[in-house]
Amino acid sequence: MTNNDTLHQRAAALLAAMTLQEKAGQLSQYFHLAAWPEQTEFVEAEVRAGRAGSLLFVADPRATNRLQRLAVEESRLGIPLLFGFDVIHGLRTIFPVPLGLAASWDPELAERVQATAAREARAVGIHWAFAPMLDIARDPRWGRIVEGAGEDPYLGARMAAAQVRGFQGEVFGAPDRIVAGPKHFVGYGAALGGRDYDEVHLSESELRNVYLPPFAAAVQAGAGNVMTSYVGIDGVPGAADRRLITDVLRGEFGFDGFVVSDAGSVIDLATHGFARDDRDAAARALRAGLDMEMSLGARFSGDPRPTPGVGAFGTLAAAVAAGEVEERLVDEAVRRVLLVKLRLGLFEQPYVDEAQAGAILSDAGHRELARSAAERAAVLLRNEGGVLPLDRSAVQSVAVIGPLADDPRATLGPWVFAHDLGATVTVLAGVRRVAGAAVRVAHAPGVPVPTRRFPSPFAMLEQLQPGQAPPAAPFDEGAEFARAVELARSSDVAVLVLGEAADMNGEAASRSTLDLPGRQLELLAAVAATGTPVVLVLLSGRPLDLRRAAEHSAAILAAWHPGTEGGWAVARLLFGDVAPGGKLPFTWPRSIGQVPLIYAHLNSHQPHTASMRYWEEESTPLYPFGFGLTYGAVAYANLTLSATAIGLDDAVQVSVELRNTSSRAVEEVAQLYLHQRHGRAARPVRELKGFARVTLEPGETRTLAFEVPAAARRYWSVAAGTYVLDESTFDVWVGGSSTASLHAEFAVRLDTTARPAE
Ligand code: BGC
């Protein structure tokens, strides 16, 4: 009998001993927030009664152990709890936000980052990450663009698989890893108007060709969980979409883990106007293939502290009695949940070593990785006159200006709850550390970052965090603005750290403009008017409108929200201790009016007017997808293909030569794009199908090889109602961005056996 059989037998034995109430309990996950004592009291009683299978938001090893004891020692069957958490870009050590991680174009780095995050999480008793977020985001008004890998399904799929491997490791259940929970299945990023939670309408072609591939990749990489989405496609909310959960995710993709709802979204099936009431909601979610309800409390009505109470799954027994759902389906879901607990070894070892947790959370190696990840994530957008890297022998004074320059919270970004604010290295601290004793470094914030008009729903969670920044001291705007400008005037270079506060992106953080919030642009313009060269370091979770900012800045470095060691990383990049090499994982629009703007668009009947679709502004991006500069230059040459004509199922091998034509080491991400000229559907003008990040020493030439398998040409054809491979001619480009011009082509013929290139 295999180990797997044994686990199934143990799950079956437990199931046989459980009451229907206990089964429903295993399928119920509750928030456990210290700041919400009415709820924690209720939840702990449910745990003792064997009516809660999982908790979220506990990150203290003493608390996870205490709560686990309630389940293991005080509940009738002693089934351990599964602790979930939003381990989005780190637990204690915070890494760059996921959008930044994607900008590294380095899946191996993403894997190491999430393995490290998993190690910290597991040490405190967390078993499962609500991550990676795999929502393709093509509208930067949507605040959650920061949580994913941007606009592209291929980059998204590569990052998805890497992060799943990072969280889970080679062997499911390894003691220093956690279960990955890719989310939000599916289409959340397409919310109308970029408004969080708004409705979504996706064609089958977009769903299949753009939004699903990262999920397919995550499942293939072995993800143990998937979270459904708040939104629904065409009026069917994600938590109850049987076609997507059961037919596509389990049936087509072969997913064999458990599916959880997003917070409160089973109850919300009725709020949407989809389910009749909680019981109908519970029955339909379960029938759709959902296993676990993430429950906020009884009902969320805008109050951050909803009344404590069971979720919709509290009605499952009644739903079974009414014949609305078969108990067999309840059992099936419970079995999936129990199997995860068994595979994780929780029955053997439900507790964590509290003493060891501290040592793991303060592992210096984790911070080293955080620094290197932030360095690799940053994208150099502009560098006029080679102002960067700063030359320590020529620059005697640096003015570090701007409201985010010494703001640890903005350095970390959204979706952190167990971080250490005091240990966070801001850009100011980083520049002080890196500039050297001979360089005078001074700081002035200049302007405040405005607060949100509608406060973030995460404000309550923020207050839970010990060691929060003290309330802001009174700020004399007139005097501070003038002081910042004077400081710039008397310095050799001004580093302006501008952008968005942490709560301006993430969930419930959509925007109706892409402006630099508040008076930041005004400050930038005033500083530039002094004549001191300006380096703009942008902290943000989305592209911002930089048309005017670029006129005032010699250099622009998009550093995202770079994490615990972010400021150190930024300073090392500015002084050239390391070369920037990140590339944009999305198309950077000129203005909000262009949104959504993507590189993989269709040709239309008038390709020659594609850049002139607005009469008053170019319809081209400010910076294209895949764009990013380094210090130095790279030349591409000798693009060769293994064949000029191949059969439908054949692969083509592509090789290209990269040469560092400069006297500095460079970082480059070589990108391969493909275009199908004709077929059963018009296909995008180009689509990313391969990439490789390399470091090239001065003068070094390297040949890179890519394989373009048949699968890279496969797409969902609405006409055929299935995935197809077309006979066609294909263009290939390889270069340093989506505007790469080095070109080759090959033909795909039904009756052709591969013909080698002459
Ligand atoms: C978010 C999820 C998150 C969950 C738990 C929800 O509001 O949409 O992404 O994992 O909360 O924090």
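First listed ligand is number 1; within each ligand, the first listed atom is number 1.
Within the 3.5 Å criterion, the main-chain N or O of D262 finds no donor-acceptor partner in the side chain of K183.
Shortest non-hydrogen contact noted between A312 and I267 is N-CG1, 3.6 Å.
Shown here is R62, whose CZ atom has no more than 12 heavy atoms of other residues, nucleotides or ligands within 6.0 Å.
The immediate protein surroundings of ligand 1, defined as residues with any heavy atom under 4.0 Å of it, consist of L56, F57, D86, F130, R144, K183, H184, M227, Y230, D262, M294, W415, E507.
Side-chain N/O atoms of Y188 and D196 include a donor and acceptor closer than 3.5 Å. With no hydrogens or angles considered, no side-chain donor-acceptor pair links H366 and R92 at under 3.5 Å.
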As a quick check of understanding, evaluate salt bridge (charged side-chain N to carboxylate O under 4.0 Å, His left out) for R208 and E252, giving each step before the final call. CA-CA 12 Å; R208 297 278 185 171; E252 287 181 38; 2.7 Å; yes

